[in-house]
Amino acid sequence: MEKRNFHLRIAKPEDAEEILKVYAPYVEKTAITFEYEVPSVEEFRGRIENTLQHYPYLVAEDETGILGYAYAGRFQTRAAYDWAVETSIYIRMDQKRRGLGRILYDALEEGLKEQGILNVNACIACTDQEDEHLTNDSIYFHKHLGYRLVGKFYQCGYKFHRWYDMVWMEQMIGEHKENQEPIRLFPEIYINFLHWLSKSV
(Lines give C-alpha, C1' and ligand atoms only; values in the text may rest on other atoms or scores of the structure.)
Protein backbone atom coordinates (compact mmCIF):
# COMPACT_ATOMS: atom_id res chain seq x y z
CA MET A 1 0.00 0.00 0.00
CA GLU A 2 1.13 3.53 -0.68
CA LYS A 3 2.29 5.75 2.16
CA ARG A 4 -0.67 6.56 4.35
CA ASN A 5 -1.78 10.13 3.75
CA PHE A 6 -5.15 9.90 5.43
CA HIS A 7 -6.40 9.45 8.97
CA LEU A 8 -9.18 7.56 10.73
CA ARG A 9 -11.65 9.14 13.11
CA ILE A 10 -15.00 8.45 14.68
CA ALA A 11 -17.88 9.62 12.50
CA LYS A 12 -20.15 12.46 13.58
CA PRO A 13 -23.83 12.94 12.70
CA GLU A 14 -22.89 16.07 10.77
CA ASP A 15 -20.81 13.86 8.43
CA ALA A 16 -24.04 12.41 7.06
CA GLU A 17 -24.10 14.36 3.81
CA GLU A 18 -20.51 13.51 2.89
CA ILE A 19 -20.76 9.86 3.95
CA LEU A 20 -23.95 9.59 1.93
CA LYS A 21 -22.00 10.69 -1.16
CA VAL A 22 -19.80 7.63 -0.68
CA TYR A 23 -22.79 5.34 -0.23
CA ALA A 24 -25.13 6.70 -2.93
CA PRO A 25 -23.31 5.18 -5.96
CA TYR A 26 -23.55 1.74 -4.33
CA VAL A 27 -27.33 2.14 -4.15
CA GLU A 28 -27.72 3.60 -7.62
CA LYS A 29 -25.23 1.50 -9.59
CA THR A 30 -24.55 -1.75 -7.72
CA ALA A 31 -26.18 -4.70 -6.05
CA ILE A 32 -23.63 -4.58 -3.23
CA THR A 33 -26.44 -3.07 -1.20
CA PHE A 34 -29.99 -4.28 -1.76
CA GLU A 35 -31.34 -0.84 -0.89
CA TYR A 36 -33.25 0.66 -3.84
CA GLU A 37 -33.46 4.37 -2.96
CA VAL A 38 -30.71 6.64 -1.68
CA PRO A 39 -31.69 7.70 1.85
CA SER A 40 -32.21 11.36 2.66
CA VAL A 41 -29.48 13.18 4.55
CA GLU A 42 -31.81 13.39 7.56
CA GLU A 43 -32.48 9.65 7.56
CA PHE A 44 -28.79 8.89 7.14
CA ARG A 45 -27.91 11.21 10.00
CA GLY A 46 -30.33 9.26 12.15
CA ARG A 47 -28.64 6.00 11.18
CA ILE A 48 -25.27 7.37 12.25
CA GLU A 49 -26.64 8.67 15.55
CA ASN A 50 -28.31 5.35 16.31
CA THR A 51 -25.16 3.36 15.52
CA LEU A 52 -22.98 5.53 17.74
CA GLN A 53 -25.24 4.83 20.70
CA HIS A 54 -24.19 1.19 20.47
CA TYR A 55 -21.15 0.56 18.24
CA PRO A 56 -18.19 2.24 16.49
CA TYR A 57 -18.76 4.16 13.24
CA LEU A 58 -15.46 5.11 11.59
CA VAL A 59 -14.42 7.18 8.60
CA ALA A 60 -11.15 7.42 6.68
CA GLU A 61 -10.44 10.99 5.59
CA ASP A 62 -7.88 13.12 3.77
CA GLU A 63 -7.82 16.63 2.35
CA THR A 64 -10.29 15.61 -0.38
CA GLY A 65 -12.87 14.46 2.18
CA ILE A 66 -14.19 11.12 3.39
CA LEU A 67 -12.62 8.17 1.55
CA GLY A 68 -14.63 5.37 3.13
CA TYR A 69 -16.40 4.27 6.28
CA ALA A 70 -17.12 1.20 8.37
CA TYR A 71 -19.50 0.49 11.20
CA ALA A 72 -21.20 -2.27 13.16
CA GLY A 73 -24.85 -2.95 13.86
CA ARG A 74 -26.90 -5.43 15.82
CA PHE A 75 -26.82 -8.97 14.46
CA GLN A 76 -30.15 -9.91 16.05
CA THR A 77 -32.30 -8.29 18.72
CA ARG A 78 -32.58 -11.18 21.20
CA ALA A 79 -30.40 -10.78 24.30
CA ALA A 80 -28.40 -13.95 23.66
CA TYR A 81 -27.04 -12.36 20.46
CA ASP A 82 -25.51 -9.38 22.30
CA TRP A 83 -21.95 -10.60 21.67
CA ALA A 84 -22.41 -10.69 17.88
CA VAL A 85 -22.59 -7.82 15.40
CA GLU A 86 -23.01 -7.27 11.68
CA THR A 87 -20.29 -5.21 10.03
CA SER A 88 -20.55 -2.93 6.99
CA ILE A 89 -17.93 -1.11 4.94
CA TYR A 90 -18.04 1.19 1.92
CA ILE A 91 -15.08 2.75 0.12
CA ARG A 92 -15.39 5.75 -2.17
CA MET A 93 -15.46 4.52 -5.75
CA ASP A 94 -12.23 6.32 -6.70
CA GLN A 95 -10.36 5.04 -3.63
CA LYS A 96 -10.64 1.27 -3.99
CA ARG A 97 -7.65 -1.09 -3.78
CA ARG A 98 -5.59 1.23 -1.58
CA GLY A 99 -5.87 -0.96 1.49
CA LEU A 100 -8.39 1.34 3.15
CA GLY A 101 -10.81 -1.51 3.77
CA ARG A 102 -8.40 -3.53 5.87
CA ILE A 103 -7.34 -0.50 7.91
CA LEU A 104 -10.94 0.49 8.61
CA TYR A 105 -11.91 -3.07 9.55
CA ASP A 106 -8.87 -3.54 11.80
CA ALA A 107 -9.76 -0.36 13.70
CA LEU A 108 -13.44 -1.28 13.84
CA GLU A 109 -12.63 -4.67 15.31
CA GLU A 110 -10.35 -3.06 17.91
CA GLY A 111 -13.29 -1.01 19.15
CA LEU A 112 -15.59 -4.02 19.12
CA LYS A 113 -13.09 -6.06 21.13
CA GLU A 114 -12.99 -3.28 23.71
CA GLN A 115 -16.76 -3.57 23.97
CA GLY A 116 -16.55 -7.32 24.51
CA ILE A 117 -17.93 -8.34 21.12
CA LEU A 118 -16.93 -11.89 20.13
CA ASN A 119 -18.44 -12.58 16.70
CA VAL A 120 -18.36 -10.27 13.68
CA ASN A 121 -20.65 -11.19 10.80
CA ALA A 122 -20.88 -9.83 7.27
CA CYS A 123 -23.93 -10.11 5.01
CA ILE A 124 -22.62 -10.07 1.44
CA ALA A 125 -24.40 -10.03 -1.90
CA CYS A 126 -22.91 -12.49 -4.39
CA THR A 127 -23.57 -14.06 -7.75
CA ASP A 128 -22.64 -17.03 -9.91
CA GLN A 129 -22.50 -14.69 -12.91
CA GLU A 130 -20.67 -11.45 -12.20
CA ASP A 131 -21.98 -8.43 -14.07
CA GLU A 132 -21.66 -4.64 -14.16
CA HIS A 133 -23.63 -4.38 -10.91
CA LEU A 134 -21.98 -7.06 -8.77
CA THR A 135 -18.74 -9.01 -8.48
CA ASN A 136 -17.66 -11.37 -5.72
CA ASP A 137 -14.77 -9.14 -4.63
CA SER A 138 -16.32 -8.61 -1.20
CA ILE A 139 -16.22 -12.34 -0.49
CA TYR A 140 -12.53 -12.47 -1.41
CA PHE A 141 -11.86 -9.40 0.73
CA HIS A 142 -13.49 -10.92 3.79
CA LYS A 143 -11.75 -14.28 3.25
CA HIS A 144 -8.45 -12.42 3.14
CA LEU A 145 -9.29 -10.87 6.52
CA GLY A 146 -9.98 -14.27 8.06
CA TYR A 147 -13.75 -14.53 7.70
CA ARG A 148 -15.25 -17.92 6.90
CA LEU A 149 -18.39 -18.75 4.94
CA VAL A 150 -21.22 -19.92 7.20
CA GLY A 151 -24.27 -19.89 4.94
CA LYS A 152 -25.71 -18.99 1.55
CA PHE A 153 -29.19 -17.85 0.52
CA TYR A 154 -30.07 -18.32 -3.12
CA GLN A 155 -31.81 -15.74 -5.34
CA CYS A 156 -33.01 -13.77 -2.33
CA GLY A 157 -32.28 -10.25 -3.63
CA TYR A 158 -33.87 -8.71 -6.73
CA LYS A 159 -32.30 -5.59 -8.19
CA PHE A 160 -31.72 -4.27 -11.73
CA HIS A 161 -34.09 -6.99 -13.01
CA ARG A 162 -31.76 -9.71 -11.79
CA TRP A 163 -31.80 -12.14 -8.87
CA TYR A 164 -28.74 -12.21 -6.62
CA ASP A 165 -27.59 -14.54 -3.87
CA MET A 166 -26.40 -13.59 -0.39
CA VAL A 167 -23.88 -15.16 1.96
CA TRP A 168 -23.09 -14.76 5.64
CA MET A 169 -19.42 -14.73 6.62
CA GLU A 170 -18.12 -14.75 10.17
CA GLN A 171 -14.99 -14.17 12.20
CA MET A 172 -14.37 -14.72 15.91
CA ILE A 173 -12.51 -11.87 17.63
CA GLY A 174 -12.82 -12.85 21.28
CA GLU A 175 -12.90 -15.74 23.71
CA HIS A 176 -16.22 -17.49 24.37
CA LYS A 177 -16.57 -18.28 28.09
CA GLU A 178 -19.03 -20.09 30.29
CA ASN A 179 -19.48 -16.96 32.40
CA GLN A 180 -19.37 -14.26 29.74
CA GLU A 181 -19.02 -10.65 30.79
CA PRO A 182 -21.76 -8.35 29.44
CA ILE A 183 -20.82 -6.14 26.53
CA ARG A 184 -20.27 -2.42 26.95
CA LEU A 185 -21.96 0.10 24.72
CA PHE A 186 -19.74 2.26 22.53
CA PRO A 187 -20.18 5.45 24.63
CA GLU A 188 -18.72 3.51 27.59
CA ILE A 189 -15.46 2.80 25.76
CA TYR A 190 -15.42 5.97 23.62
CA ILE A 191 -12.56 7.73 25.42
CA ASN A 192 -10.33 4.64 25.55
CA PHE A 193 -10.98 3.92 21.89
CA LEU A 194 -10.38 7.54 20.91
CA HIS A 195 -7.02 7.36 22.71
CA TRP A 196 -6.14 4.12 20.89
CA LEU A 197 -7.19 5.59 17.55
CA SER A 198 -5.07 8.70 18.00
CA LYS A 199 -1.98 6.60 18.74
CA SER A 200 -2.48 3.91 16.10
CA VAL A 201 -3.31 6.06 13.09
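- Residues meeting the side chain to side chain donor-acceptor pair (under 3.5 Å) test with Arg148, sequence neighbours left out: Glu170.
- The side chain to side chain donor-acceptor pair (under 3.5 Å) search around Asp128 returns none, not counting sequence neighbours.
- Under the side-chain contact (heavy atoms from CB on, under 4.5 Å) criterion, Leu145 pairs with Arg102, Tyr105, Phe141, Tyr147, sequence neighbours left out.
- Residues satisfying the side-chain contact (heavy atoms from CB on, under 4.5 Å) test with Thr77, not counting sequence neighbours, are none.
- The hydrophobic clustering, which links ILVMFWY residues whose side-chain heavy atoms are closer than 4.5 Å, places Val150 and Trp83 apart.
- Judged as a side-chain contact (heavy atoms from CB on, under 4.5 Å), and not counting sequence neighbours, the contacts of Glu130 are Thr127, Thr135, Asn136, Tyr140.
- Legend: residues meeting side-chain contact (heavy atoms from CB on, under 4.5 Å) with Glu14, ordered by chain and number and at least two apart, are Lys12.
- Here Glu61 pairs with Arg9 under the salt bridge (Lys or Arg N to Asp or Glu O under 4.0 Å) rule; sequence neighbours left out.
- Applying the ring pair (Phe, Tyr, Trp, His ring centres under 6.0 Å) test to Tyr26 and every residue at least two apart in sequence or in another chain returns Tyr90.
- For Glu181, the side chain to side chain donor-acceptor pair (under 3.5 Å) criterion is met by Lys177, not counting sequence neighbours.
- By the side chain to side chain donor-acceptor pair (under 3.5 Å) test, Glu114 is found to be paired with Arg184, residues two or more places apart in sequence or in another chain being considered.
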Show which side-chain atoms of residues 151-160 pair as donor or acceptor with protein atoms under 3.5 Å away, not counting sequence neighbours.
| residue | atom | partner | partner atom | Å |
| --- | --- | --- | --- | --- |
| Tyr158 | OH | His161 | ND1 | 3.4 |
| Lys159 | NZ | Val27 | O | 2.9 |
| Lys159 | NZ | Thr30 | O | 2.8 |
| Lys159 | NZ | Thr33 | O | 2.8 |
| Lys159 | NZ | Glu35 | O | 2.9 |

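- Defined by atom type and a distance below 3.5 Å, a donor-acceptor pair is missing between the side-chain atoms of His7 and Asp62.
- Residue pairs satisfying the salt bridge (charged side-chain N to carboxylate O under 4.0 Å, His left out) criterion with at least one member in residues 51-60, sequence neighbours excluded, are absent.
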